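All residue numbers refer to positions in the sequence shown, counting from 1. Fair warning: this is a prediction, and the values are worked out from it, not measured in the lab.
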Amino acid sequence: MPSWRRTLDAAEISDPAHRADYTAAARRVLRREKAPYLALRLLAAPPLVPYLTAGLAFMNLVDDIAETGSPQQRADGLAALTDQVEAASATGRSEHPVLRAYAHATEARGLPAHWVKAFLAGAATAEAEFTGFATERDFQDYLDAYAWPGIVVFTGLQYPGGPDEAQGAAWRRFVDAAQRVDFLADLAGDLAEGRLCLPHDRLAAHGVTRADLEQARDTPAVRALLAAECAAARASLGAAADVVDHAHPGLRRVGRTMLELMSHQLTLVERAGPAALRKDIGYGALAPLRILARALREPAPR
C-alpha cells in the first residue's frame, strides 16, 4: 500500500491546502468507517483513492446529521449543511475541510451536481423524517430518494463526468441489495431504537406483529417472515453482481470485496434466524480477513 503522500501524488493533488483537506477527510473516515477506509487504501487504484475517500467522508457527514437529534434539529442541521455545500461548490471555500475536499473532488472528477442535490434533499425527507415502510413501494421510494444518490455521491467519483445510465442503474441495484442486508443485520439495534425497517405489509402477510419482533419471539410465523426477507435480499444481491462489470477497473477489487462481505453477512443472518432479533449480526472476526486476503492476491490496479 503506497503512503498517503504518494496516493495524493498519484491523484495529482498537489496544492498543499487541498492535500490538507483530503487528509482531514481521510482521518474522519478512518475514525468512523475503518473497514471501508482500509478497503479503499488496500484495494483501489491510488489515483482514485483520495476522491473516493472525500466522497465517503461527505456521505458519512450527511448521514450523521440526518440521524442525530430531534426532527427539528435534523431539519435545521441539514438546511444549514445544504447552504454550506452550495457555497463550497460555488467558491471552493468552507470552514469544514470535508466540504472543501468534496467540492474539489466533484469538480476534479466532474460529478453532476444533481446527485449531490438529490442526496441532500433525500436526507432531509426520506431519512430525517423516516417512520417506516408501509409497503415495498415505500422502500423503493426511499432508495430512489436517499440511498441511491447517497451511494453515487461516493462511488460516482470513480467515473470522469459521473456515471452513465448503465453505471447508475448498476449502483441502484447494488444499493437495493445493500440496504436489504443492512436492515436485516441491524434488526435488533433498530428495533431497540424504535425503528422498524421491514415493510409493514410483509409482517401482516405472515401474521407477525411489531411486538413479535420487538420481543424476539421465536415462532413459525417469525421464522417464515425472516426467511422470506433473507430470500429477497439474496435475490437482490444476485441481481447486483454486475456492479463489478460497471465499475472503473481501479475499483473492481473493492466492488467484489463489498459483494462478498454482504453475502457473508447475509449468510450469518440466515443462520441466526430469530436470534437476529436479539443481537445485531456483524461480519465475524476471521471471514473479513480471509475475503480481504483473497482480494489482495488479485493483480493490483493502477
Side-chain angles (χ1 to χ4, degrees), residues 11-13 15 17-19 21-22 24-26 28-29 33 36 40 44 47-67 74-129 140-176 178-179 243 246-248 250-251:
E12 299 182 353
I13 300 169
D15 181 89
H18 290 152
R19 291 169 75 95
D21 291 339
Y22 279 96
R28 189 184 196 281
V29 172
E33 297 261 30
L40 284 175
L48 295 176
V49 169
Y51 302 114
L52 290 165
T53 301
L56 185 53
F58 174 71
M59 182 180 73
N60 289 341
L61 176 63
V62 176
D63 284 345
D64 288 345
I65 295 173
E67 297 172 1
R74 297 179 186 192
D76 292 345
L78 288 165
L81 181 64
T82 298
D83 290 342
Q84 294 170 33
V85 170
E86 291 175 352
S89 297
T91 66
R93 295 190 297 272
S94 173
E95 295 181 358
H96 204 307
V98 168
L99 298 187
R100 292 195 301 267
Y102 190 66
H104 181 269
T106 55
E107 180 179 8
R109 300 299 294 172
L111 182 70
H114 71 82
W115 289 109
V116 180
K117 292 178 180 177
F119 179 44
L120 289 167
T125 53
E127 179 62 16
E129 299 174 359
Q140 294 298 326
D141 289 345
Y142 173 88
L143 297 182
D144 287 335
Y146 179 63
W148 183 27
I151 196 74
V152 174
V153 299
F154 158 43
T155 62
L157 294 167
Q158 68 186 286
Y159 308 108
D164 62 25
E165 184 175 354
Q167 291 161 343
W171 285 105
R172 175 59 171 77
R173 292 189 292 275
F174 175 90
V175 83
D176 185 293
Q179 206 69 77
V243 74
H246 289 285
H248 185 288
L251 204 65

Strictly distance-based, threshold 3.5 Å: is any side-chain N or O of [X] a donor or acceptor partner for the main-chain N or O of [Y]?
X    : Y    : value
R74  : E129 : no
Y102 : V153 : yes
E127 : A66  : no
R100 : H18  : no

**Report entry** Close side-chain approach of V175 and V152, heavy atoms under 4.5 Å
**Finding:** no
Query raised in the report: Taking side chain as C-beta onward, heavy atoms only, is Q140 less than 4.5 Å from R172?
Result: yes
Report task. Report the residue from W171, F119, W115 that forms a ring pair (Phe, Tyr, Trp, His ring centres under 6.0 Å) with W148. Result -> W115
Nearest-0.5 Å distance, [atom1] of residue [X] to [atom2] of residue [Y]:
X   : Y    : atom1 : atom2 : answer
E33 : D63  : CD    : CG    : 8.5 Å
N60 : I65  : CG    : CD1   : 11.5 Å
Y51 : L111 : OH    : CG    : 13.5 Å

Requested in this report: Assess whether atom CD of E107 is packed by more than 12 heavy atoms of other residues, nucleotides or ligands within 6.0 Å.
Outcome: no
Query raised in the report: Checking side chain to side chain contact (heavy atoms under 4.5 Å, CB included) against V116, which of V85, V62, T82 comes through?
Result: V85
Query - Residue pair V29, L40: steps toward the side chain to side chain contact (heavy atoms under 4.5 Å, CB included) verdict - result: CA-CA 11 Å; V29 172; L40 284 175; over 6 Å; no
